[in-house]
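Throughout, a chain's letter reflects where its sequence line sits, starting with A, and its residues are numbered from 1.
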Number of protein chains: 2
Amino acid sequence: MLRSDAQENRDRVLDAARSLFSEHGLDVPIREIARRAGVGPATLYRRFPTKQALIDLAFAREVKQCREIVRNAWADEDPWRGMCSVVNGLAEINAQNQGFVDAFMTASPDAIDFAAHRADMLRMIAELCRRAKHAGALRPDFVLDDFILVLMVGRGLSAAPPDVRRTAARRFSALTLDALRASPTTATLPPPVRVTPAVLANWGGGRPI
Amino acid sequence: MLRSDAQENRDRVLDAARSLFSEHGLDVPIREIARRAGVGPATLYRRFPTKQALIDLAFAREVKQCREIVRNAWADEDPWRGMCSVVNGLAEINAQNQGFVDAFMTASPDAIDFAAHRADMLRMIAELCRRAKHAGALRPDFVLDDFILVLMVGRGLSAAPPDVRRTAARRFSALTLDALRASPTTATLPPPVRVTPAVLANWGGGRPI
DNA sequence: ACTCAAGTGGACGGGGGTGTCCGCTACGGT
DNA sequence: ACCGTAGCGGACACCCCCGTCCACTTGAGT
């Protein structure tokens, strides 16, 4: 059990980390977070021995939110509506949290939740895609890897200036969904990216941290 | 006039910079470039007093290529084919040159070419869009700012691992074009991003360098 | 009130990045 | 072949960030 002052400091650090990470990305100096929290560096390091640990905890909320979005979409009886809310929701999170995808992708192996969530979410999304295709709403040549592709390029949204991020996210997801929608005028696509785990791990050079 | 050895060193530095920048992005250490070129840091700094100057020159070729792509597209009698080649071409450049868009956007004010090229290209693209819309090929609610949006999220392509970049670029541009194509099933879009110069300058936090 | 361990922040050493200085090297005109 | 000078690269000073250590402070149990 933490002493009361220690607990409060820990909370303040997490708050500062959340706001700084989502505003400036993952490469904020640790000291800056400590300063914002009104705490010395040592205090921060004692609670979060490594930057990765801090990141994991700072983004835990968003990971939960992510999973929630996907689960709801998966449970939706209309698979296309599900797809839409997934794409919209992830774009929104991307826009509001600079570096969230990076955090999500580079989550440390011991943050078991992350890996489990990732796998789980991908499974649900895959099923969603299958159902949406079967319903004739999703273009038949769409593959799960395309979803990753969309997610990865969506990272660019978080780089948009704060005042246009939400607009950009909404516009982006609407355009993306139009691309994904089954449509009579749809052209044949070039071959999809095969997103193996290795490919995924190396997206972004694996060095956002 | 440069002495012959100096000239050769300068060329080697530029070559090294090009290959390192496109492979690892703009945050390659200057020393690394010097090392790769087989010269001392001082030599590099004498020819290119600031990192920005080096970046400007290293990417000059791609800027030219960019302009060329747009000019050809602009000259194309079929505006939609023009749009396609622009989107394809830019995605390709993005995929092959990590950090190219960053370089393009953050080009120093004195690298006049950049600003001029940007403005010029945007003008041509705007006209292309108008013609494509008029021909009924481009969705009517598309605005020029959407083009910037696509360009900006396309940055994410350069972060893909080298072995999938071209595939990713091709797939991405094909999907994007499907989103831009006028189509009977197209949904109404949310409001577009208003990409003012300030917005543009702040995209990416203005700090890729 | 007293005590003492948990908690704290300033200070330190290490690493890596940038840009600059200076004594040596070697190109190229004579 | 010689020599003046442009050119060179190693060494330097500076800054920022990371992670750790240690003497001091303070919460909370008695």
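Counting any heavy atom pair closer than 4.0 Å across all strands shown, R47(B) reaches sugar-phosphate atoms only and no base atom.
First and last contacts of DNA chain D with chain B, using any nucleotide atom under 4.0 Å from a protein heavy atom and ordered 5' to 3', fall at dA6(D) to dC12(D).
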>> Please determine whether side chain to side chain contact (heavy atoms under 4.5 Å, CB included) holds for the pair R67(B) and V63(B), giving the CA-CA distance in whole Å, both sets of side-chain angles, and the decisive distance to 0.1 Å.
In response: CA-CA 6 Å; R67(B) 196 215 188 85; V63(B) 173; 5.7 Å; no
>> Before you tell me yes or no, could you show the steps for F100(B) and L26(B) under side chain to side chain contact (heavy atoms under 4.5 Å, CB included), namely the whole-Å CA-CA distance, both residues' side-chain angles and the distance that decides it to 0.1 Å?
In response: CA-CA 8 Å; F100(B) 165 69; L26(B) 300 186; over 6 Å; no
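Side chain to side chain, N72(A) and E68(A) fail the donor-acceptor criterion of an N or O pair below 3.5 Å.
Remark: side-chain polar atoms of R181(B) are not paired, donor with acceptor, to backbone N or O of A137(B) under 3.5 angstrom.
Listed by first then second residue, pairs satisfying side-chain hydrogen bond (donor to acceptor under 3.5 Å, both in side chains) with a partner in residues 158-170 of chain A read E92(A)-R166(A), not counting sequence neighbours.
Residue N9(A) places at least one side-chain N or O under 4.0 Å from the OP1 or OP2 atom of dT8(C).
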Per-pair distances, 0.1 Å, donor-acceptor, side chain in residues 192-201 of chain B, under 3.5 Å, sequence neighbours excluded:
unit_1  : atom_1 : unit_2  : atom_2 : d
R194(B) : NH1    : D145(B) : OD2    : 3.2
T196(B) : OG1    : V199(B) : N      : 3.2

Please output the side-chain donor-acceptor pairs of residues 32-49 of chain A that fall under 3.5 Å, not counting sequence neighbours, one pair per line with the distance.
unit_1 : atom_1 : unit_2 : atom_2 : d
E32(A) : OE1    : R35(A) : NH1    : 2.9
R36(A) : NH1    : S19(A) : OG     : 3.4

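Rounded to an integer number of Å, the gap from CD of Q7(A) to P of dT8(C) is 11 Å. For D27(A) and dG16(C), the CG to P distance is 18 Å, given to the nearest whole Å.
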>> I need a per-nucleotide contact map over nucleotides 19-30 of chain C, read 5' to 3'. Cutoff is protein heavy atoms under 4.0 Å; write B for the base, S for backbone only, - otherwise.
In response: BBB-----SS--
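Taking R71(B) as the reference, nothing meets the salt bridge (Lys or Arg N to Asp or Glu O under 4.0 Å) condition, with sequence neighbours excluded.
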